[in-house]
Number of protein chains: 2
Amino acid sequence: MIIKIDLASEIAIYIQLKNQIIEGIATGQLRPDEQLPSVRQLASDIGINMHTVNKGYGQLKSEGYTLIHKRKGVIINNLEDMKDPSYSEKLEINIKPLIAESICKGLTESDYLNLCKGIFKQLKKGEINKSELNPNR
Amino acid sequence: MIIKIDLASEIAIYIQLKNQIIEGIATGQLRPDEQLPSVRQLASDIGINMHTVNKGYGQLKSEGYTLIHKRKGVIINNLEDMKDPSYSEKLEINIKPLIAESICKGLTESDYLNLCKGIFKQLKKGEINKSELNPNR
DNA sequence: TTAGCTGTTATATACAACGTATAACAAGAA
DNA sequence: TTCTTGTTATACGTTGTATATAACAGCTAA
């Protein structure tokens, strides 16, 4: 998977990194048990500091997306273990300001929902091959 | 309208302020031509610095939500002038990471869309009386 | 005119977050 | 042993956030 960092973006580098890996998991480009590049390797590849990568990796781990495999290093966690029943509560807090803004900016509810559906469609493209037996660990 | 600031929140104060005013506009609690408290008054009311309020107000103005009326101070802009046809493009960039995260966290597309619908319902409650003739200016 | 309010700007300070840099550690692999 | 892994510590510079004091122009009302 190719990671693209925009140094001109207002979004912190470690957040951009984190978002792209999460998106990779959501689309199925990154599968459970798949290993991520080492912090030093990835930092070198995309031309940023090791600690910035480490910060992103650290958050991915603490939020359940990855875990440390003694042999492989950082690997993608099992999809079941990522799930969080209480997530929708945190999500609502993040979505609310976006919807309020959207209303003011002239978007209808249908406009907004269709935009979301489009993003789901886009992300689910890679999900066809996502069916998998639980890999050996 | 009551503004509530959470000093323990990780969200910057001027962003919290901005979000609540935008939400107020979306729900109809704040109507066009209605005046907002002065930067000094609001700062005093909620116990924060004048410049923090000014920063939030400044962004609201530059994003079209408010304008400066020589007599009244800061007032809510006309709803038509708030609209921005290109907004959905910026919106998509903000929504995408949330949807990717939601997929990983086990939410289905229906779960997500229903959550959005619920927020729309909640925000639109105050919209019944939002029908208005263009007020004098 | 004077006094008081408005938004706005300037300057300064303190703190936290971000990103970089160098270095070191324990643990496992070759 | 040598190399790589994640991890931690320390330090530095930059930027963003929030505060504080002060001043300005423009308008309102006494």
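Letters A, B, ... are given to chains in the order of the sequence lines, protein chains preceding strands, and every chain is numbered from 1. Since this is a predicted model, take the numbers as computed values, not measurements.
- Under the ring-ring contact (aromatic ring centres under 6.0 Å, His included) criterion, no residue pair touches residues 1-52 of chain B, with sequence neighbours excluded.
- Note: CG (B/Asn49) to P (C/dT11) measures 17 Å, nearest angstrom.
- Contacts of B/Lys55 classified as salt bridge (charged side-chain N to carboxylate O under 4.0 Å, His left out), with partners at least two apart in sequence or in another chain: none.
- For the pair B/Ile46 CD1 and D/dA18 P, the interatomic distance rounds to 11 Å; values are reported in whole Å.
- Listed by chain and number, the residues in a ring-ring contact (aromatic ring centres under 6.0 Å, His included) with A/Tyr112 are B/Phe120 (sequence neighbours excluded).
- Distance A/Ile75 CD1 to D/dT5 P: 15 Å, rounded to the nearest Å.
- For A/Glu10, there are no salt bridge (charged side-chain N to carboxylate O under 4.0 Å, His left out) partners, not counting sequence neighbours.
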Kindly indicate, with the supporting measurements, whether the criterion side-chain contact (heavy atoms from CB on, under 4.5 Å) is fulfilled by A/Arg31 and A/Ile25.
-> CA-CA 6 Å; A/Arg31 315 269 201 94; A/Ile25 299 169; over 6 Å; no

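- The shortest distance between side-chain heavy atoms of A/Asn77 and A/Pro32 does not fall below 4.5 Å.
- Look at CG on A/Leu36: it is 13 Å from C1' on D/dT5, rounded to the nearest Å.
- Sorted by residue number, the list of members of residues 15-24 of chain A with any non-hydrogen atom under 4.0 Å from DNA chain C is empty.
- The pair B/Lys96-A/Glu23 counts as a salt bridge, with a side-chain nitrogen and a carboxylate oxygen less than 4.0 angstrom apart.
- Considering only heavy atoms from C-beta on, B/Met1 comes within 4.5 Å of B/Gln29 through its side chain.
- Ionic pairing of B/Glu109 and A/Lys124 is present here: one or more N-O contacts between side-chain nitrogen and carboxylate oxygen are shorter than 4.0 angstrom.
- Of the N and O atoms on the side chains of B/Thr108 and B/Asp111, at least one donor lies less than 3.5 Å from an acceptor on the other residue.
- Here CG of A/Leu67 is found 8.5 Å from CE of A/Met82. Values are rounded to the nearest 0.5 Å.
- Taking the side chain as every heavy atom from C-beta outward, A/Gln16 and A/Asp6 approach each other to under 4.5 Å.
- Scanning residues 53-64 of chain A for heavy-atom distances under 4.0 Å to DNA chain C yields A/Lys55.
- B/Asn94 meets the side-chain contact (heavy atoms from CB on, under 4.5 Å) test with A/Leu98; sequence neighbours excluded.
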Using a 4.0 Å heavy-atom cut-off, write out nucleotides 25-30 of chain C from 5' to 3' as B (base contacted by protein), S (sugar-phosphate only) or - (no contact).
-> ---SS-

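- Between A/Thr52 and C/dT20, a side-chain N or O to OP1/OP2 separation shorter than 4.0 Å is present.
- Between A/Gly47 and B/Ser38, the residue whose closest nucleotide on DNA chain C is further toward the 5' end is B/Ser38.
- A/Tyr87 meets the ring-ring contact (aromatic ring centres under 6.0 Å, His included) test with no other residue; sequence neighbours excluded.
- Within residues 4-14 of chain B, no residue has a heavy atom under 4.0 Å from DNA chain C.
- In the hydrophobic cluster analysis, where Ile, Leu, Val, Met, Phe, Trp and Tyr join through side-chain heavy atoms closer than 4.5 angstrom, B/Ile5 is grouped apart from B/Ile11.
- Listed by first and then second residue, the salt bridge (Lys or Arg N to Asp or Glu O under 4.0 Å) pairs involving residues 58-67 of chain A are A/Lys18-A/Glu63 (not counting sequence neighbours).
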Between the protein and nucleotides 9-11 of chain D, which nitrogen or oxygen pairs are less than 3.5 angstrom apart?
from  : atom 1 : to      : atom 2 : distance (Å)
D/dA9 : N6     : A/His51 : NE2    : 2.4

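- Atoms CD (A/Gln41) and P (D/dC3) sit 17 Å apart, rounded to a whole Å.
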